[in-house]
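Structure record follows, encoded as structure tokens.
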Amino acid sequence: MNSENKRSAMIMRLKGANCKNCYKCVRACPVKAISILSEKAKIDEKRCIYCGQCYLVCPQDARDLLSELDRVKAMIRNGEKVYISISSTFGEYFMKANLWQVAAALKKLGVSRVEETAIGTMRVMEEYEKLAEEGNMKNIFTSSCPASNFLIQKYYPELIKYLAPVDTPMEAHAKMMRKAYGDDIRIVIVGPCIACHKLAAITQNGKLIDAYLNFEELERWMESENVKITREEDHDTIMVSNYRARYFDESGGVFRALKTDIKYHYMLWNIDGAGRIKSTFKDLNDSIRGYFMELVGCQNSCLGGPIMRLAGKDTFPGKDHWLFTVKDDNGGGAPNPSESAEVDIRKKYISMDFYEPMPTEEELKDLLALVGKTKKEHMLDCSGCGYPTCRDKAIAVYRGMADPFMCIPYARDKAEAESNHLFEFMPNGIVLTDRDMKIADINPKALEILSGTKEDYLGRDVRDIMLTQFIDNARMKELDVINDVVECDKLNKVLAVTFFRITRHHLYTLVINDMTEEAEKRRKESQMRQETIDVAQEVVQKQMRIAQEIASLLGETTAETKLAVNRMKSMLVTDEEEWYGDRWYSNEK
């Protein structure tokens, strides 16, 4: 194998950017493997069993499966031989198609060979029948479902002794294909499961199975290459020789597939869904023996796998078509070469448990007190946070898996308390009305402005009390918020009012402030300013008159002075001439 085989161990995550703190994923997770911290959801893979329930319920499309589609495309581009092992549930996902038609489409994508995973299931069936006939195991739990295997390995390691020491069908088929066709082939599993994807990535360090694709990825691949499933069939593809192996894909199908005489060795019990498995294990003890339990992580087994449910394929028509094709055979032709490959599919399951710290009772009390749970009646156990009890949530907080304040009753009570406190002590008057403008609530400041009690106003039309025209005009406008200062004749007051509508709840809100004193003060100030302006104007006018009078007087006196000066000048000149003349006359004598 030439291509790089290194793969990521992480196959799934929740995109935190889309998380809206609804806690729906936590509620759905049977093992509480999702942490909610800093308002974001995150999958803890050491706790996860890959059942996909979180993906099914997420309302914000925060799910993100890490795809290996590009890896498969690269194999084909590199000229490598890609062999597909496809789950028999394709009949439910790709309705109205048989295996030959699906194989024809896959070969157009560059796939070399297509076989059913049910070939591996046949070998698993044989091992289960041997275990039942030998009767050496006290109880037998089927190990065909990776999700239920992970559940036991991580959370019930003491029950591993009951887990059938046999590979899952896809592991068995991968081994058989390698034995039959050589180690140079690339094996890609296709199915409806998320847990199978994880198992493929970790089995033999990812070297047994080269890639896993779910049906949605396969469908996306075909669309990108404009390849469609048609009536064209590939008859080089061979049906599984024992159709009963396909029954493993439905709930209770293991017991339909196995020999009927195993019921004489063990009591048969089918349990589907991780939640039901946990409930059963809770009552299990060492005195219980003789049970052969079919354990599957999804309700309706593989036919109800997460990819099926996400695509809306887990329906009656889908199941009906699967039942219609489940007995398809190869018409007596030669079986696939892989069916006769001799491989060891025995498996030793190991514990994957992890340390879970437990708080003391005192620490639990302190954690519960953070959200106001100090009395027995405070322990509502509403499961709103995703945990079944308040105590369970407190333990999750201690383990770093939850925020102490992700408590819906606490958040609601806190919000109501803050809202009520704000409503009661707001320095502004607040009047809440319904769509008909009937008063639904009113705060103390508004009562002070209106002069009355709450009982006087509740249920009354606010327009009968104040601001009739303003409110009617505001309701007609297509504005959510309107501000104005209005003279309210009914109250003989001036009110600053903000009108806004709460469209979602069909409510109106009026925020009012009594501006009467301020308006009167401003009126007086305005009057005083006007009077001051009038006085100043009068003074200016008087000054102008005086200035004019002074100017007139100055003009007259100036003229008179000039005349007097001229006269004096004339007299002085005359006298001087006469004086010099007389003197000159005397000298002559």
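- Of the possible donor and acceptor atoms, none in the side chain of Asp234 sits under 3.5 Å from a partner among the backbone N and O of Trp100.
- Within the 6.0 Å centre-distance limit, the rings of Phe354 and Tyr155 are counted as a close aromatic pair.
- A distance-only check finds no donor-acceptor pair linking the side chain of Gln53 to the backbone of Cys29 [under 3.5 Å].
- At distances below 3.5 Å, not a single donor-acceptor pair connects side-chain atoms of Asp210 with backbone N or O atoms of Val188.
- Less than 6.0 angstrom separates the ring centroid of Phe215 from the ring centroid of Phe94.
- Thr203 places no side-chain N or O within donor-acceptor distance of the main-chain N or O of Leu208, the cut-off being under 3.5 Å.
- The backbone N or O of Gly386 sits less than 3.5 Å from a side-chain atom of Lys32, completing a donor-acceptor pair.
- A salt bridge links Lys130 to Glu127: one of the charged nitrogens lies within less than 4.0 Å of a carboxylate oxygen.
- One N or O on the side chain of Glu171 and one on the backbone of Thr168 form a donor-acceptor pair closer than 3.5 Å.
- Judged by distance alone, the side chain of Asn336 and the main-chain N or O of Ile238 form a donor-acceptor pair under 3.5 Å.
- Applying side-chain contact (heavy atoms from CB on, under 4.5 Å) to Ser338 and the options His173, Arg178, Lys179 leaves one that passes, His173.
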*May I have the step-by-step check of side chain to side chain contact (heavy atoms under 4.5 Å, CB included) for Lys198 and Phe150, ending in yes or no?*
CA-CA 10 Å; Lys198 179 63 177 180; Phe150 285 136; 4.0 Å; yes
